[in-house]
Peer 1: 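What follows is a single structure, and I will ask about it in a moment.
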Amino acid sequence: MKKGQVLEGIVERVDFPNKGIVKVKEENGEEAVCLVKNVLPGQKISLRIQKKRNGRAQGQLLEVLEKAENEVESTCPHFGACGGCLYHNLSYKDQCGLKSEQVKRLLEPVLCRQGEWKFETIKPSPAVYGYRNKMEFTFGDEVKDGPLSVGLHKRGGFYDIITVSECLIMDEDYRRILTAVRDYFEEKGLPFFHRLRHTGFLRHLLVRKGAKTGEILVALVTTSGIDSVAGETAPKTEKAVPDMGGFAEMLLKLPLHGKIVGILHMANDSVADVVRSDETKLLYGRDYFYEEILGLRFRITAFSFFQTNSLGAEVLYSTAREFIGELSNQKSGEAKRDKVVFDLYSGTGTIAQLMASAAKKVVGVEIVEEAVEAARENAELNGLSNCEFIAGDVLKVLDELEERPDVIILDPPRDGVHPKALKKILAYGVEKIVYISCKPTSLARDLESFLEEGYEVERVVCCDQFPWTGNVETCVLLSRKKSGGKSTKIEIEIDLSEADRRECIGKATYQEIKDYIWEHYQTKVSHLYIAQIKKKCGLDVGENFNKPKTEGNKVPNCPLEKV
């Protein structure tokens with residue numbers, strides 16, 4: 001395969017998050033494998049080779065020549081052009097099955113070491129359309145020097161923005177607000193922030209809405225003024241700041257099903273294309289809205305972390321609560337609440353408060369101070385006096401806590417738990433840990449550490465929080481083995497007969513192993529990595545196989561995905 005070459009192939013499978021494994025035939029008739037995004041298993045496609053590095057080829061989808069057997073027509077007019085969704089051409093049942101297979105495929109190489117483990121049927125989202133309670137839109141244009149757009153990035157593009165006024169994952173109020181904002185600023189003739197030149201005014205539009213309460217919070221993010229130049233070292237210039245009063249009045253006149261309770265204007269002169277605020281002005285109402293989850297009420301601000309699917313969050317958190325089970329001891333016929341729960345990476349304290357009614361105390365740790373303040377206010381709002389929320393990095397806060405937990409709940413960011421923090425969490429040796437993950441690749445990596453320290457995975461279930469997209473939440477129950485500590489190793493002696501020994505001669509060579517892994521998994525492994533895995537499996541290797549060639553050098557360990 002060469003760069004620029006056009007080939008045809010069949011999509012064998014799609015790995016998380018969007019990696020299609022495509023079998024192609026080269027000009028010499030030999031089969032090869034290429035990675036292609038935005039495809040479905042079973043499709044026959046044409047592709048162009050984009051690059052080939054370290055024996056791995058990546059291609060760009062040109063055309064779907066034959067549809068997959070289970071492929072359907074998309075009902076979203078933006079699908080294909082918009083980069084927000086991946087699976088509008090699959091039924092919801094089929095996409096749930098696809099996500100479940102992806103997660104299981106990632107976890108199997110790790111969990112097969114412990115023997116049996118329970119992978120349960122995926123739990124679907126209660127609402128598959130209009131489920132988003134938060135949308136971040138970007139100002140820009142769909143084509144260079146075209147009319148103003150407000151929406152999402154074009155698939156595979158960074159600069160082109162599509163006004164997704166008929167997007168199906170947000171409800172009608174979002175669509176009306178989006179269209180009205182675009183029309184308003186197009187009429188005003190205000191320029192959008194150009195991400196290359198770092199000039200302009202309009203940057204982002206943030207809309208949040210409570211699924212249960214119907215309350216809506218709108219935040220407009222701009223530069224601090226027109227003709228401003230972003231960046232700390234940029235020269236200061238006179239900045240004209242448009243009057244935003246008319247913007248608020250326009251929004252309040254819209255016929256919406258919900259009710260706007262707050263309108264904010266945020267200034268952001270950062271070069272980075274991120275939604276943030278250097279300065280916030282309240283144009284109307286308040287700077288927060290309320291949402292309800294499983295009977296509890298939560299105050300949410302513009303940047304508060306909160307599950308983007310409120311109804312789906314109820315399914316996810318109910319699952320976590322079920323995994324933990326009874327937190328109370330029964331004595332004299334009465335329930336005694338005596339368990340301490342640590343909720344690490346607690347956000348606005350949603351899970352912590354759901355556990356509070358059955359626990360002696362719940363301690364939440366979150367690095368975002370605004371989220372911690374919101375968590376404290378929410379606990380007070382819900383009349384919960386046994387919740388403590390601490391602002392700080394989990395890695396550092398665990399050193400300062402005097403209490404020891406009985407149960408730990410982990411809901412880390414996409415990159416998973418910091419390795420140093422993971423060691424401190426494992427050192428507690430609690431009987432039960434519930435790990436909620438939004439990125440199964442990070443989950444698989446972290447689970448290996450848990451297994452090495454004497455934990456085993458009892459239950460795994462996916463909860464779909466993001467219909468039509470490639471993302472999925474996974475909830476895992478880990479229990480400490482009854483024996484405690486690390487797994488016991490037992491030495492055994494096997495006496496092979498002479499015939500058995502002869503059968504062992506001629507088994508796979510290192511090169512054959514390398515060829516097999518490349519053929520089936522499209523990844524390269526070194527002799528060192530093969531030797532490390534042989535050692536783990538109890539097979540003979542040279543006594544110096546894992547020693548550095550020169551003093552002071554480090555020997556790399558085989559990555560999880562190659563293990």
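Owing to the predicted nature of the structure, the values given are computational and were not obtained by experimental measurement.
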Peer 1: Run the side-chain hydrogen bond (donor to acceptor under 3.5 Å, both in side chains) check on Thr213 and Glu292 step by step: do they pass?
Peer 2: CA-CA 7 Å; Thr213 64; Glu292 296 175 359; over 6 Å; no
Peer 1: Going by distance alone, is a donor N or O of one side chain under 3.5 Å from an acceptor N or O of the other, for His204 and Asp273?
Peer 2: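 Their side chains do contain a donor-acceptor pair, which is all the 3.5 Å distance test asks for.
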Peer 1: Say whether Ser449 and Asp446, considering side chains only, have a donor N or O and an acceptor N or O under 3.5 Å apart.
Peer 2: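 Side-chain D/A pair, Ser449 to Asp446: absent.
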Peer 1: Quick check: Tyr288 with Tyr290 (ring centres under 6.0 Å apart)?
Peer 2: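 Yes; Tyr288 has its ring centre under 6.0 Å from that of Tyr290.
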Peer 1: Please test Ser125 against Asp464 for side-chain hydrogen bond (donor to acceptor under 3.5 Å, both in side chains), starting from the C-alpha separation and ending with a verdict.
Peer 2: CA-CA 5 Å; Ser125 171; Asp464 189 28; over 6 Å; no
Peer 1: Is it true that, when you exclude Glu380 itself, more than 12 heavy atoms of the residues, nucleotides or ligands shown sit nearer than 6.0 Å to its CD?
Peer 2: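 Count not over threshold, so no.
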Peer 1: Ignoring hydrogens and angles, state whether a donor on the side chain of Asn18 or Asn38 is under 3.5 Å from an acceptor on the partner side chain.
Peer 2: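 Asn38 and Asn18 do have a side-chain donor-acceptor pair below 3.5 Å.
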Peer 1: Determine whether the side chains of Thr75 and His88 contain a donor N or O and an acceptor N or O closer than 3.5 Å.
Peer 2: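 The answer is no; no qualifying pair exists.
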Peer 1: Assess, by modelled atom type and distance only, whether the side chains of Thr308 and Gln465 contain a donor and an acceptor separated by less than 3.5 Å.
Peer 2: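 Absent: no donor and acceptor within the cut-off.
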Peer 1: Heavy-atom count around Lys212 NZ within 6.0 Å, excluding the residue itself: above 12?
Peer 2: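 Counting other residues, nucleotides and ligands, NZ of Lys212 exceeds 12 neighbours.
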Peer 1: With a 6.0 Å cut-off (strictly less than), is the heavy-atom count around CD of Glu116, excluding the residue itself, greater than 12?
Peer 2: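 No, CD of Glu116 has 12 or fewer neighbouring heavy atoms, counting only those of other groups under 6.0 Å.
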Peer 1: So, do Tyr92 and Tyr87 have ring centers that fall under 6.0 Å from each other?
Peer 2: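 No; Tyr87 has its ring centre 6.0 Å or more from that of Tyr92.
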Peer 1: Indicate whether the side chain of Asp269 and that of Ser224 have a donor and an acceptor atom separated by less than 3.5 Å.
Peer 2: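 Checked: Asp269/Ser224 side chains pair up, N/O donor to acceptor below 3.5 Å.
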Peer 1: Would you please indicate if the ring centroids of Tyr129 and Trp468 are separated by under 6.0 Å?
Peer 2: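 Yes, the ring centres sit under 6.0 Å apart.
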Peer 1: Would you say that more than 12 heavy atoms from the other residues, nucleotides or ligands in this model lie under 6.0 Å from the NZ of Lys360, or not?
Peer 2: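 Counting neighbours around NZ of Lys360, 12 or fewer heavy atoms of other residues, nucleotides or ligands fall under 6.0 Å, so no.
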